[in-house]
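What follows is a short report on a single structure.
Just so you know, ligand 1 is whichever comes first in the structure, and atom 1 is the first atom listed for that ligand. Just so it is clear, the values below take in all heavy atoms, side chains as well, and ignore hydrogens, waters and symmetry mates.
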Amino acid sequence: MSIRRSILLFLLFPISTVLLAAEADIILHHARIYTVDSAQSWAEAIAIKNGRISFVGSDQDVKSHQGKNTQLVDMKGKFILPSFQDVHIHPVAGGVAKTTGCPIFDMGGLKRILKKIARCVKDDSDALHISGYGWSWDDFSEDTPPHKAMLDKIDSSRPLFFGDSDGHTLVLNSAALAFAGITADTPDPEGGMIGRDPKTGELTGLLMEDSGMNLLLSKMPKITSNELKQGLLMAQSYLHSLGITAIQDAIVQVNPKNAFASLPVYKDMADSGELELRVVAALYWDPSKGMSQVAELQAARKQYSVGRLQATSVKFWADGILESYTAKMLEPYTDSPDSFGLLMVPHKQLLSATTIMDKLGFQLHIHAIGTATVRYALDAIEAAQIANGKRDARHHIAHVQLVHPDDIPRFGSLNVTANFQPFWAYGDSYVIDINAPQLGPERMEWMYPIGSIAKNGGRLAFGSDWSVSTANPFPAMEIAITRQDPETSTTEVFNPDERITLKQAIAGYTIGAAYTNFLDDDTGSIEEGKYADLIVVDRNLFEIPVSEISEANVLVTLLEGKEVFGKLSQ
Ligand SMILES: [Zn+2]
């Protein structure tokens, strides 16, 4: 239509009909709404039409959106935010770990863990093996490290194996070691480790990192697709209860033979409408396959990017964790001067593979914990930019635990998002009892540099790494602001310069995460035209003591205006 004709049409209609707002399906008014728009503005009322926000503004102005079929909800001063997003989470593995086998999460110490395992063994006398997930390193001490003998004492007749909540380590009994065919002569697999007594060389029962754990897991019966689906459904309703409606699944296995190959389950749920989460799937880069997997990853992206599911990211699990000395360091561990840690993806492969995947338009999601790995990840992204040119790539580095000061400004200059898990950023027993002796005082100051990266122009996005830690954003936000234990608020402030503001903390879980998920055109703030993905919170975070933020609760979660948790009219 020519411009002249459209002006003519416009003139044919009276001005009043042009300005008349569409009748909203829902109006929320008398609310305290922190919109997270670029002006960080506040509002009183929201109108929702067809799942999208049709108006944000004052109680007075929203009235023009009210019609006779509009559901009008008086929020009585309640606090409203955009719903949260989590940019590093393991919903399927977490959901399965919490719904199958013998879960041992949050048991409160080794004694209780062993008691629980003994109970599972007794209750399930027919099972061919007993397994579960959820122990953590602070359940153990130097004198009582995780060891096969603990499990042998409970049952030595059939395989028992239990994974840590981080998904990096398994402890097996002797029967499980035998079942997997692992002996003292078995060499460590590439990128993994078999635990051995440093003096005798005897197996300890530990298998570390993916390739290590796979020595056993590849021989275990496959998790059924129904178990995967039940796990995902459990995770989805858990996340809704915490106000989370979008995530980046940090490891999605493409290989259909992998125990956690979840793409078909995701797609079925996306097709049927059961997927009530926006999901970016970070497809796992298998270092043992090298470049031969590129076509497979492209095919997976094409096949599995439907509706709320977008398989557009690729995950490089580049190193391990500090606690098991598998995080790769520029300088050796202080209390183990020969150890520099491990790279799960060989350095050369990381450089070449990231350039190829960037060229193919994938987002890079790189797990990097140690100083060397963070540097290599930044180098890899820089190399990709030089080779392919800058584009709207939104690459991100996850965990970012230990960053050499020279690398801090590179997040901003390379436009790389720092994907932090703020829940870890205080002096808990991991940090004080385990990490401090490993790193020495200077490097302890480099830990979780959330504030420094932000001050130097880097983007922030937050996630939980659930089921490693709670997926609840409120305690994590409090820690980002205080760098203290959110329960007691009495621990020493850990790296005080790294504290951020409440507004920054909210942004990390909303617009910052939405940007990283390529969802910021549609979500991450409360603005006209975006989806009505909103939460109602039981207190105004800006009006309570900071130490109370961790206690806040989500009352209602809306996805496209639909109540997926709680009820508006109560
Ligand atoms: Zn993770």
Next item on the list: Answer with yes or no after comparing the ring centroid distance for His399 and Trp424 against a 6.0 Å cut-off, counting only values under it.
Entry: yes
Margin query: If you consider just the N/O/S atoms, which atom of Asp465 is the closest one to the Zn ion (ligand 1)?
Written below: OD1
Checklist line | Ring centre gap for Tyr509 and Phe462 strictly below 6.0 Å | finding: yes
Item checked: Atom of Phe260, atom of Asn258 and distance for their closest heavy-atom approach -> N-OD1, 2.7 Å
Note to self: For a distance under 2.8 Å, tell me if His399 has an N/O/S atom near the Zn ion (ligand 1).
What the structure shows: no
Margin query: Please determine whether His88 has a backbone or side-chain N, O or S atom lying under 2.8 Å from the Zn ion (ligand 1).
Written below: yes
Item checked: Cation-pi check, Arg459 onto Phe411 ring (under 6.0 Å, within 45° of axis) -> no
